[in-house]
Every structure is written in structure tokens, then in C-alpha cells.
Amino acid sequence: MRRLLFELEGTSAIAEMHDDIVPDTCDAVWEILPVEGMSIHANWASREIMLHLQGDKILRLPPEGPPSHGIVAPGDIVYFWRAPQMSRGKQLAYSSEFERELSEFAIFYGDPSGVGLAASDPARGADPTLQVTTLFATFVNLPEEFMNKCEAIRHEGLKRLVVKRYEA
């Protein structure tokens, strides 16, 4: 079983990939590692940080595995992709932000997780090719210190997150 190492502000956490459930997604993620960037905290999905994939690290993958219907648990790591111009709602303030393609890892680190806005976005409609959400990994014994660092992003702002292959 392949594992990932997440490093955030001097802390780390290990996740196991779901190779048996979503092998193509796991292979694609494995191939782009390592990735790093400034993680941001979700505004609406509660205990979630996100790492946007950019440049040659952007993934454009088809849906794989069982439908999630937006339900996630603490420790879940989700691949998310949204086609350009998939704006949510009618608020003009969001227009320019949502007119670009978005590829990211969504990292759910604590309770309550529940339903993330992106995962249950009504804009996706009946066409799954416009937005993809795939649960591809889950943390193993998520350290409290790592969860605290994730929570600090909500209050202190962006923090550098590195995701790489875990070599035991």
C-alpha cells in the first residue's frame, strides 16, 4: 500500500492511498509528487484545508470509485477538479475567482466534516465531466499537532504544505 507524507509548519502526517478503490486516481497523484504550495482554509466546509495544484501539477481526471455525495470524514483526502467557468451561485463577487480551472487536494482534518460545498455543488448537474470529486487517501492516526496547524490556517492565513511520497 502506498503512503503519502504531509508536512505542515514543522508537523507531519501520513496517509494511506486507496489503490484498491481508485487506482487510476492514485497513480496520477503519485506521478505528480512531490507537490507544495500555500494551503488555504475552507470557508464553508468546516475543518478542511486545500492545496491548489498548479502548472504541470494540475490533474484533469475522470470520476472514479463510488459516488461520494459530498460526505467525508475526518482524515479523508479528496481530489477535486472543476472545469473553467463553473461558477457557484449568482454572486458577482465570485465570478472572476470561479472562471478559472481548479485542481486541488481537499484535506479534511477534524469534526465536523460532513458535506463540503464543492463536493455537493449543484452546478455540476447531470454532467460529471464538469466537476470531479474523488476520495483517494485517508490519514493514519492523524496527529493532534497536525490538526492544530490546520486549524491555525483559518485564523493566521496561508501556510506552506508539502505532499510527497512516504518512504518508510
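Throughout, numbering of the chain's residues begins at 1 and tracks the sequence.
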For residues 55-66, which residue pairs qualify under side-chain hydrogen bond (donor to acceptor under 3.5 Å, both in side chains), counting only residues two or more places apart or in two chains?
Thr25-Glu64, Arg60-Glu101
List the atom of Thr134, the atom of Pro63, and the distance in Å for their closest heavy-atom pair.
OG1-CA, 4.5 Å
Can you pull out every salt bridge (charged side-chain N to carboxylate O under 4.0 Å, His left out) where at least one residue sits in residues 144-153? Sequence neighbours excluded, please.
Arg47-Glu151, Glu151-Arg154
Over all heavy atoms of both residues, which pair between Lys164 and Leu33 is shortest? Give the atoms and the distance, please.
C-CD1, 4.0 Å
Is there side-chain contact between Pro66 and Ile21, with at least one heavy-atom pair below 4.5 Å?
yes
Roughly how far apart are Cys150 SG and Glu48 CD, rounded to 0.5 Å?
10.5 Å
Show your reasoning for whether side chain to side chain contact (heavy atoms under 4.5 Å, CB included) applies to Trp30 and Leu4.
CA-CA 9 Å; Trp30 194 254; Leu4 306 171; 4.0 Å; yes
Where does the angle between the aromatic ring planes of Phe105 and Phe136 fall among parallel (under 30°), tilted (30 to 60°) and perpendicular (over 60°)?
tilted
Is the shortest side-chain heavy-atom distance between Pro74 and Leu142 below 4.5 Å?
no
Inter-residue atom distance Ser103.OG - Phe80.CZ, 0.5 Å rounding
9.5 Å
Between Leu135 and Val72, is there a side-chain heavy-atom distance shorter than 4.5 Å?
no
Starting at CG of Leu102, measure out to CD1 of Ile58 and round the result to the nearest 0.5 Å.
8.5 Å
Student check: side-chain heavy atoms of Glu36 and Arg160 closer than 4.5 Å
yes
Check whether any side-chain heavy atom of Val78 sits under 4.5 Å from a side-chain heavy atom of Phe108, and report yes or no.
yes
Working to the nearest 0.5 Å, report the span between NE2 of His18 and CZ of Arg2.
12.5 Å
So Leu8 and Ile153, do their side chains get closer than 4.5 Å, heavy atoms only?
yes
Assigning hydrophobic clusters by single linkage (Ile, Leu, Val, Met, Phe, Trp, Tyr; side-chain heavy-atom cutoff under 4.5 Å), is Ile49 placed with Val140?
no
Are Leu5 and Phe146 grouped together when hydrophobic residues (ILVMFWY) are joined by side-chain heavy atoms under 4.5 angstrom apart?
no
Expected output: side-chain Tyr79 to main-chain Val29 donor-acceptor under 3.5 Å:
no
In terms of heavy-atom contacts, Ala13 and Pro143 come closest through CB-CD, 3.8 Å
Show the nearest heavy-atom pair for residues Leu59 and Trp81, with the distance to one decimal.
O-CD1, 3.3 Å
What is the minimum heavy-atom distance between Asp19 and Pro23, and which atoms define it?
O-CB, 3.3 Å
Under the 4.5 Å side-chain heavy-atom rule for ILVMFWY, direct or indirect, which residues accompany Met38?
Ile40, Met50, Leu158
Are Phe139 and Tyr109, when compared by the centres of their aromatic rings, separated by less than 6.0 Å?
no
For the atom pair CD (Glu16) and OH (Tyr166), what is the distance rounded to the nearest 0.5 Å?
10.5 Å
For the student: nearest non-hydrogen atoms of Val163 and Leu51, plus distance:
CG2-CD2, 3.9 Å
Shared hydrophobic cluster for Ile14 and Leu161 (ILVMFWY, side-chain gaps under 4.5 Å)
no
Atom CG of Asp20 with >12 non-hydrogen neighbours under 6.0 angstrom:
yes
